[in-house]
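For ligands, and for the atoms within them, numbers begin at 1 and follow the listed sequence.
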Amino acid sequence: MAGKTMPELHLGLEGIYFAESSICKVDGTKGRLYYRGYSIGELAGYSDFEEVSYLLLHGELPTRSQLIAFRRRMRAERTLPNKIIGIIEEESVRSHPMHVLLTAVAALAAYDKEADVASPRANMEKSIRLISKAGSIVAAIGRLRSGKQYVRPDARLGHAENMLYMMNGTRPSSNAARLLDLMMVLHAEHSSNASTFSTIVTGATLSDLYSAVASGIATLKGPLHGGADERALQMLRDIKRPENTERYIDEALQNKRRVMGFGHRVYKTYDPRARIIRKILLDLSLESGEVKNLAQIALRAEKLMIERLGRSKGIWPNVDFFTGPVYVHIGIIPALFTPMFAASRMPGWCAHMLEYWEHSRLIRPLEYYTGQAGRRYVPLGRR
Ligand code: ACO
């Protein structure tokens, strides 16, 4: 490539703005997060997942009557077609729940007459269906993979409460339902992260919403993104006891292993979502049994990581670090952590897609070619 000037490469598209958006502001320096202008702290304290879904999709908090109507719509969409339940039953036995979720969400398009209708109205309707049904799918995966009978959704229950009901077959405690709902609010949206970006890349080809969010699910699975939560819990379990934490962390850092649940492309300070989950963990660390042990190990690991890498490298806990012990407390198995994340992120993915389609442009970045040029084809017999 002699004579050609190398263009500036933006590896990992770091620092690149590709669109305008009014959905989410992530302030990575101050450690602040806002959905549609409302701070995550206020939404976590006062709102719930159904209301936050409305806010993300419509841009405004609903009035009382709008909220009642939206809840009714969401709850009416919870049922799953029998064939989808069959897919979940069949696949859950041998596949990772993220693969099952991906398959089931993509297959949902077959049961939506408007799957390929691209009007704003149809896309809003599909968003409500997807948010609602993703919760049912994740709950059904949790239930059916352990060989139990499918439990039909209960439209009298809140979104998170119904998910726990469908998973366990009994109504959850109000504390468990509230905690899961809070976790879902914290995971509902996070601007142009990897999974949202891949959702938009797919949607920008004018593909349909089911295909777009299926891209998001596939991207979220990776351990550098949503898949970190399951691995972070595994690490806490491997550490076994609080007094082993220092040796484990130092060994990991000496061997240049990434400590899952730490570091972030945008936050170079404490992730505000992790800060909120940490408060829950402080309460859990006073409980008994495995959750107390996990919480105590997590709090020690957090302190050590901040001492070792926090101020020097800007590596702080992210949303995935403390979630494990909270989910264990609620009774959610590790294989469902990332699917839970996906069901929570569905409103964010849909909101971004609806917004991007208002001024859609195909996304097609460039690679700088460094391979050979002008080679002549050599027939097979002469190679
Ligand atoms: N543990 C140890 N060291 C780390 C970690 C970590 N978790 N994260 C980053 N570092 C180090 C890197 O080794 C690198 O060190 P070096 O400069 O000596 O080579 C430096 O910090 C910068 O790391 P990059 O990978 O360049 O930072 P990037 O912005 O690309 O990474 C990422 C962000 C991928 C999230 C990274 O921090 C990571 O791998 N974390 C662990 C996985 C994780 O928790 N992912 C969830 C993120 S939140 C979410 O997606 C919901």
Student: Would you say Leu224 and ligand 1 have an N/O pair spaced under 3.5 Å apart?
Tutor: yes
Student: Is atom 22 (C) of ligand 1 less than 4.0 angstrom from some protein heavy atom?
Tutor: no
Student: Using a distance threshold of 4.0 Å (strictly less than), state whether atom 18 (O) of ligand 1 has a protein heavy-atom neighbour.
Tutor: yes
Student: Quiz question for you: does at least one protein heavy atom lie closer than 4.0 Å to atom 40 (N) of ligand 1?
Tutor: yes
Student: To check your reading of the model: name the closest protein heavy atom to atom 11 (C) of ligand 1, its residue, and the distance in Å.
Tutor: Ile315 CD1, 4.0 Å
Student: If you measure from each non-hydrogen atom of Val319 to ligand 1, which part falls under 4.0 Å: side chain, backbone, both or neither?
Tutor: side chain
Student: Which heavy atom of the protein is the closest neighbour of atom 35 (C) of ligand 1, given with residue, atom name and distance?
Tutor: Gly263 O, 3.7 Å
Student: Any N or O of Arg258 that comes nearer than 3.5 Å to an N or O of ligand 1?
Tutor: yes
Student: With a 4.0 Å cut-off on heavy atoms, is Ala252 touching ligand 1?
Tutor: no
Student: Only heavy atoms of Ala228, strictly under 4.0 Å: list the atoms of ligand 1 that pass.
Tutor: 43 (C), 44 (O), 45 (N), 46 (C)
Student: Does Gly261 come within less than 4.0 angstrom of ligand 1, counting non-hydrogen atoms of the residue?
Tutor: yes
Student: Examine the proximity of ligand 1 to Phe321 and report which part, side chain or backbone, both or neither, has a heavy atom under 4.0 Å away.
Tutor: neither
Student: Give the atoms of ligand 1, by number and element, whose distance to some non-hydrogen atom of His264 is under 4.0 Å.
Tutor: 33 (C), 37 (O), 48 (S)
Student: Ligand 1 versus Asn318, non-hydrogen atoms closer than 4.0 Å: side chain, backbone, both, neither?
Tutor: side chain
Student: Testing Lys126, Lys133, Arg129 one by one against Asp112 for a side chain to side chain donor-acceptor pair (under 3.5 Å), which residue passes?
Tutor: Arg129
Student: Could you find the nearest protein heavy atom to atom 1 (N) of ligand 1 and give me its residue, atom name and distance?
Tutor: Val259 N, 2.9 Å
Student: For atom 15 (O) of ligand 1, find the nearest protein heavy atom and state the residue, atom name and distance (0.1 Å precision).
Tutor: Lys313 NZ, 3.1 Å
Student: Restricting to pairs with a member in residues 358-383, which pass salt bridge (Lys or Arg N to Asp or Glu O under 4.0 Å), not counting sequence neighbours?
Tutor: none
Student: With nothing but distance in play, are any N or O atoms of His225 less than 3.5 Å from an N or O of ligand 1?
Tutor: yes
Student: For Asp271, give me all partners under salt bridge (Lys or Arg N to Asp or Glu O under 4.0 Å), at least two apart in sequence or on another chain.
Tutor: Arg273
